[in-house]
Colleague: 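Provided herewith is a single structure, encoded as structure tokens, for subsequent inquiry.
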Amino acid sequence: NAGVTQTPKFRVLKTGQSMTLLCAQDMNHEYMYWYRQDPGMGLRLIHYSVGEGTTAKGEVPDGYNVSRLKKQNFLLGLESAAPSQTSVYFCASTSFRGSNQPQHFGDGTRLSIL
Amino acid sequence: GDSVTQMEGPVTLSEEAFLTINCTYTATGYPSLFWYVQYPGEGLQLLLKATKADDKGSNKGFEATYRKETTSFHLEKGSVQVSDSAVYFCASHSSNTGKLIFGQGTTLQVKP
């Protein structure tokens, strides 16, 4: 059972380049999330989705776009990468919005912008 | 807005020592509370949770009690092991917003 799978695991980009991070879950979860993790700041929500075809902004959405064309996949795009976007990115999913349901996390994508 | 504050780390302990990691929260309403653990190179894993006041979550020897009067959810373990070395995150889930709010994380290092 794979759970939540993120690709790639590592990437180095130059400023201004674009890329897409892929998150796939095999648990038939409705809700999916993208976070970034920076030292001393915990995890901050970038964008999230409450179902196929829907997306919404989180706490730090600027510079990112997302798409949820299929229920199992949630893509995070950087159109023009900036050094401030150097971070570790985590995808998570959960079955529904209920407060007692934990989120399941992928292993992260470590992204460096030079 | 909602927020979660954890004690700053790193916390360094010897094996078999007692562990406490403090966590306090601010929220409208009554959020569910979680502790997640992140081992090196991995994503976050749920460690334990509590969904209402006075609930005690427990797992793998770790415990935390939901204290509404002090808005706290401190993590404790009676005897830590080297394998407990990780980053621990406290989080609150708001039923109003449906979002999970994380503390900044506390690094625990246990030495043999």
Side-chain angles (χ1 to χ4, degrees), chain A residues 1-10 21 23-25 27 29-51 54-61 87-110, chain B residues 1-10 21 23-25 27-53 55-57 59 64 66 73 86-107:
Chain A
N1 189 356
V4 178
T5 302
Q6 292 183 234
T7 53
K9 295 188 183 305
F10 305 95
L21 281 64
C23 176
Q25 52 92 5
M27 296 172 284
H29 284 170
E30 290 292 334
Y31 291 75
M32 297 186 74
Y33 308 82
W34 276 108
Y35 296 91
R36 60 178 289 172
Q37 182 182 25
D38 301 294
M41 303 187 75
L43 274 71
R44 293 182 292 169
L45 182 65
I46 305 171
H47 285 281
Y48 64 102
S49 169
V50 301
T54 74
T55 63
K57 294 180 180 180
E59 182 185 358
V60 289
S87 188
V88 182
Y89 292 85
F90 287 98
C91 177
S93 70
T94 191
S95 55
F96 78 111
R97 183 181 165 128
S99 62
N100 62 348
Q101 296 301 312
Q103 293 185 9
H104 298 259
F105 285 81
D107 286 341
T109 295
R110 188 173 297 275
Chain B
D2 294 6
S3 66
V4 175
T5 302
Q6 293 179 231
M7 63 185 289
E8 288 194 18
I21 300 178
C23 171
T24 57
Y25 67 92
T28 53
Y30 302 100
S32 292
L33 301 173
F34 301 85
W35 276 101
Y36 284 84
V37 58
Q38 183 182 30
Y39 298 105
E42 299 183 9
L44 279 69
Q45 304 173 25
L46 178 67
L47 181 59
L48 54 83
K49 68 180 183 182
T51 58
K52 61 183 186 294
D55 265 3
K56 177 185 284 188
N59 186 26
Y66 191 141
F73 192 54
V87 182
Y88 292 82
F89 291 92
C90 184
S92 73
H93 184 287
S94 168
S95 57
N96 292 334
T97 66
K99 296 175 185 175
L100 204 57
I101 307 297
F102 287 90
Q104 68 268 42
T106 302
T107 300

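All chains are named by letter (A, B, ...) in the order of the sequence lines, taking the proteins before the strands, and each is independently numbered beginning at 1. Just so you know, these numbers come straight off a predicted model, no measurement behind them.
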Colleague: Side chain, backbone, both or neither: which part of B:Leu44 has a heavy atom under 4.5 Å from chain A?
Modeller: both
Colleague: Surrounding CZ of A:Arg110 (heavy atoms of other residues, nucleotides or ligands, distance under 6.0 Å), is the total greater than 12?
Modeller: no
Colleague: What part of B:Gln38 gets within 4.5 angstrom of chain A, counting heavy atoms only: side chain, backbone, both, or neither?
Modeller: side chain
Colleague: Suppose we call two aromatic rings close when their centres sit under 6.0 Å apart. Are B:Phe89 and B:Phe34 close by that rule?
Modeller: no
Colleague: Considering only heavy atoms, which portion of A:Leu43 lies under 4.5 Å from any heavy atom of chain B: side chain, backbone, both, or neither?
Modeller: both
Colleague: Are there more than 12 heavy atoms of other residues, nucleotides or ligands under 6.0 Å from atom CD of A:Glu59?
Modeller: yes
Colleague: Does one side chain, of A:Tyr35 or A:Gln103, offer a donor that lies under 3.5 Å from an acceptor on the other?
Modeller: yes
